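Have a look at the structure below, then the notes.
Per chain, numbering begins at 1; letters A, B, ... match sequence-line order. Not measured: the values here are computed from a predicted model.
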2 protein chains.
Amino acid sequence: MSTEKQPAGRPRDTEAAGAIKAATLKLVRERGYGKVSIAAIAAEANVARQTLYNRWNTKANLVLDAVFEETAQYADTPQHDPNQSSKSQLERFLAQVFTHLTENGDPIRALIAAAQDDHAFRQVFSERFVKPREKMVTDLLRNAQNNGEIAPTRNVEMLSSFVHGAFWYALLNGDPVDNDLARNIAGEIFTHVPDRSV
Amino acid sequence: MSTEKQPAGRPRDTEAAGAIKAATLKLVRERGYGKVSIAAIAAEANVARQTLYNRWNTKANLVLDAVFEETAQYADTPQHDPNQSSKSQLERFLAQVFTHLTENGDPIRALIAAAQDDHAFRQVFSERFVKPREKMVTDLLRNAQNNGEIAPTRNVEMLSSFVHGAFWYALLNGDPVDNDLARNIAGEIFTHVPDRSV
DNA sequence: GTATTTATTAGACTGCGGTCTATAAAGATA
DNA sequence: TATCTTTATAGACCGCAGTCTAATAAATAC
């Protein structure tokens with residue numbers, strides 16, 4: 001039991017936040033980010049608009065919470081498995097990320113868009129979405145470089161940028177972000193120049 | 001003299017379009033896409049809002065025209081120069097694109113954002129901005145592959161995707177899109193695995 | 001000349017995200 | 001019990017993109 005001393009004043013409705021997030025997720029998946037109004041979300045959650053704004057200050061922040069609360073930790077750094085090539089580890093990791101990305105493609109694209117004219121949101125989005133994924137790939141690639149699966153001359157940060165860039169580019173241009181893309185990216189990152197001496 | 005037969009009805013004000021585009025460019029560069037209203041642009045151009053909407057149906061389309069009219073052809077495919085390595089050609093080309101991208105970073109990011117919830121605009125933007133640049137890079141890389149500067153096993157379309165993705169990623173995440181990035185991208189695309197047989 | 005057609009203008013209007021205010025409700029404190 | 005503090009609610013309000021209407025202006029067709 002959490003016997004926190006209750007502060008003065010009317011306590012927050014403990015169910016409101018959950019109801020709002022659920023309503024958000026439902027409506028955004030049904031209609032898409034752009035066609036869902038804050039008023040519609042509040043109505044669906046049986047709550048006044050101001051109650052929603054007491055908890056989230058923008059639509060983007062609300063949707064970010066709604067879409068990512070269960071997936072924050074789901075994309076864990078894959079532990080390095082010495083029985084598996086880094087290439088197939090990267091491919092599997094990307095395939096997993098792309099699944100979530102495709103299921104939530106519309107809101108994620110909308111959030112990237114929202115981040116473009118809202119500096120504060122861009123920070124939040126970067127911390128919660130961009131940087132964690134970037135780090136996982138960079139770690140994996142660095143590991144591969146230490147194992148000799150990537151030539152020591154290569155620039156791992158740039159390669160990581162290639163990986164992320166490739167799927168952002170596909171995502172934002174409406175191209176499919178699927179297993180094929182995962183295979184192609186991993187294949188190209190781990191391509192070796194054929195050994196000319198043989 | 002173009003003695004086109006004039007159609008019936010009051011002719012369009014021949015100066016309006018230019019004045020609107022000029023006003024758009026001026027205000028967007030001064031204040032940024034998000035802080036310029038259509039009303040402000042119309043006022044700056046001394047024109048009614050409807051006159052503007054007679055020519056462009058959305059803010060995004062207007063800004064696209066204003067920002068890119070002089071640059072549509074400026075980014076020409078660099079002719080293959082046998083005296084220059086493809087690597088340095090790519091670097092020079094990217095540096096040139098990045099210059100324009102940095103000068104107009106705010107509106108371009110805003111246009112990418114606008115494309116995310118406006119399918120029609122995404123098409124237009126893709127035709128006028130995305131695909132031409134993609135083709136130039138793909139052509140350059142294919143040429144390099146034919147010259148033996150890129151191993152024949154490599155997937156040129158994927159490499160092109162890496163190039164574009166890398167700078168979209170940087171652009172949309174607020175990282176600098178500059179000569180350093182151009183050099184790093186070109187360097188990494190044309191990296192050769194050290195020849196182990198020597 | 002008159003009729004017709006199209007463009008320009010000013011301004012009303014809608015729906016949106018987001019802010020603000022006034023009132024009522026729910027709890028702690030005294 | 002009365003007081004204080006915070007939340008919930010309904011609704012007014014703002015600025016914006018985009019649509020629509022009515023009046024007027026500038027051209028052609030007759």
Side-chain angles (χ1 to χ4, degrees), chain A residues 3-20 23-24 27-28 31-66 107 110-111 113-121, chain B residues 3-20 23-24 27-28 31-66 107 110-111 113-121:
Chain A
T3 353
E4 285 289 320
K5 191 174 139 206
Q6 185 160 335
R10 175 174 177 170
R12 286 199 165 186
D13 180 336
T14 55
E15 312 207 343
I20 293 168
T24 302
L27 294 183
V28 165
R31 308 182 196 167
Y33 184 96
K35 298 202 170 177
V36 175
S37 68
I38 292 288
I41 292 172
E44 174 80 20
N46 280 311
V47 138
R49 261 180 18 264
Q50 186 56 48
T51 299
L52 186 156
Y53 278 110
N54 282 344
R55 290 162 176 77
W56 294 275
N57 62 345
T58 62
K59 183 177 174 180
N61 274 303
L62 166 58
V63 172
L64 180 63
D65 262 13
L111 292 178
Q116 300 311 312
D117 69 339
D118 180 342
H119 274 214
F121 181 69
Chain B
T3 353
E4 286 290 318
K5 191 174 139 206
Q6 186 157 333
R10 175 174 176 172
R12 286 198 165 186
D13 180 337
T14 54
E15 312 206 343
I20 292 168
T24 302
L27 294 183
V28 164
R31 308 181 195 168
Y33 184 96
K35 299 203 169 178
V36 174
S37 68
I38 292 289
I41 292 172
E44 175 79 20
N46 281 311
V47 138
R49 259 175 28 260
Q50 187 56 49
T51 299
L52 185 155
Y53 279 109
N54 282 345
R55 291 162 174 76
W56 295 274
N57 61 345
T58 61
K59 184 176 172 182
N61 274 304
L62 166 58
V63 172
L64 180 63
D65 263 13
L111 293 179
Q116 299 309 312
D117 69 338
D118 181 341
H119 275 213
F121 180 69

> Roughly how bent is the helix from C/dG1-D/dC30 to C/dA30-D/dT1 end to end, in steps of 10 degrees, with each end axis from five pairs?
Replying inline: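 Inter-axis angle at the termini of the helix from C/dG1-D/dC30 to C/dA30-D/dT1: 10°.
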> Could you write nucleotides 23-30 of chain D as a row of B, S and -, 5' to 3', where a protein heavy atom under 4.0 Å of any base atom gives B, of only sugar-phosphate atoms gives S, and otherwise -?
Replying inline: --BBBSS-
> Base, sugar-phosphate, or nothing: which does B/D13 touch, judged by heavy atoms less than 4.0 Å apart?
Replying inline: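 Contact class for B/D13: sugar-phosphate only.
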Under the side chain to side chain contact (heavy atoms under 4.5 Å, CB included) test, which residues partner [X], sequence neighbours left out?
X	value
B/A110	B/Y33
B/A40	B/L27, B/R31, B/S37
B/T58	B/A60, B/N61, B/D118

Using a cut-off of under 3.5 Å, enumerate the N/O to N/O pairs linking the protein to nucleotides 14-18 of chain D.
| from | atom 1 | to | atom 2 | distance (Å) |
| --- | --- | --- | --- | --- |
| D/dA17 | OP1 | B/V36 | O | 3.4 |
| D/dA17 | OP1 | B/K59 | NZ | 3.1 |
| D/dA17 | OP2 | B/I38 | N | 2.9 |
| D/dG18 | OP2 | B/K59 | N | 2.9 |
| D/dG18 | O6 | B/R49 | NH2 | 3.1 |

> Does some side-chain heavy atom of B/I38 sit less than 4.5 Å from a side-chain heavy atom of B/Y53?
Replying inline: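 Yes, their side chains come closer than 4.5 Å.
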> When rounded to the nearest 0.5 angstrom, what distance separates CG in A/N54 from CD1 in A/I20?
Replying inline: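 So the gap between those two atoms works out to 9.0 Å.
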> Can you pull the side-chain hydrogen bond (donor to acceptor under 3.5 Å, both in side chains) pairs that have at least one residue in residues 39-49 of chain B, sequence neighbours excluded?
Replying inline: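 Qualifying pairs: B/K26-B/E44.
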> Tell me, which pairs form a side-chain hydrogen bond (donor to acceptor under 3.5 Å, both in side chains) where one or both residues lie in residues 7-18 of chain B, sequence neighbours left out?
Replying inline: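 Qualifying pairs, neighbours excluded: none.
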> Of the options A/L62, A/N57, A/T24, which is the one that meets A/L52 in a side chain to side chain contact (heavy atoms under 4.5 Å, CB included)?
Replying inline: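 Filter result, single survivor: A/L62.
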>> On a heavy-atom basis, which atom in A/V47 and which in A/A16 lie closest, and how many Å separate them?
In response: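 Here A/V47 and A/A16 meet closest at CG2-CB, 4.3 Å.
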> Can you name the closest pair of heavy atoms from B/L111 and B/F121 and give their distance?
Replying inline: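 Here B/L111 and B/F121 meet closest at O-CE2, 3.4 Å.
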> If you walk 5' to 3' along DNA chain C, what is the first nucleotide with an atom under 4.0 Å of a heavy atom in chain B, and what is the last?
Replying inline: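 So the contact region on DNA chain C extends C/dT5 to C/dA12.
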> Could you give the CZ-to-C1' distance, from A/R55 to D/dA8, as a whole number of Å?
Replying inline: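 Distance, rounded to whole Å: 9 Å.
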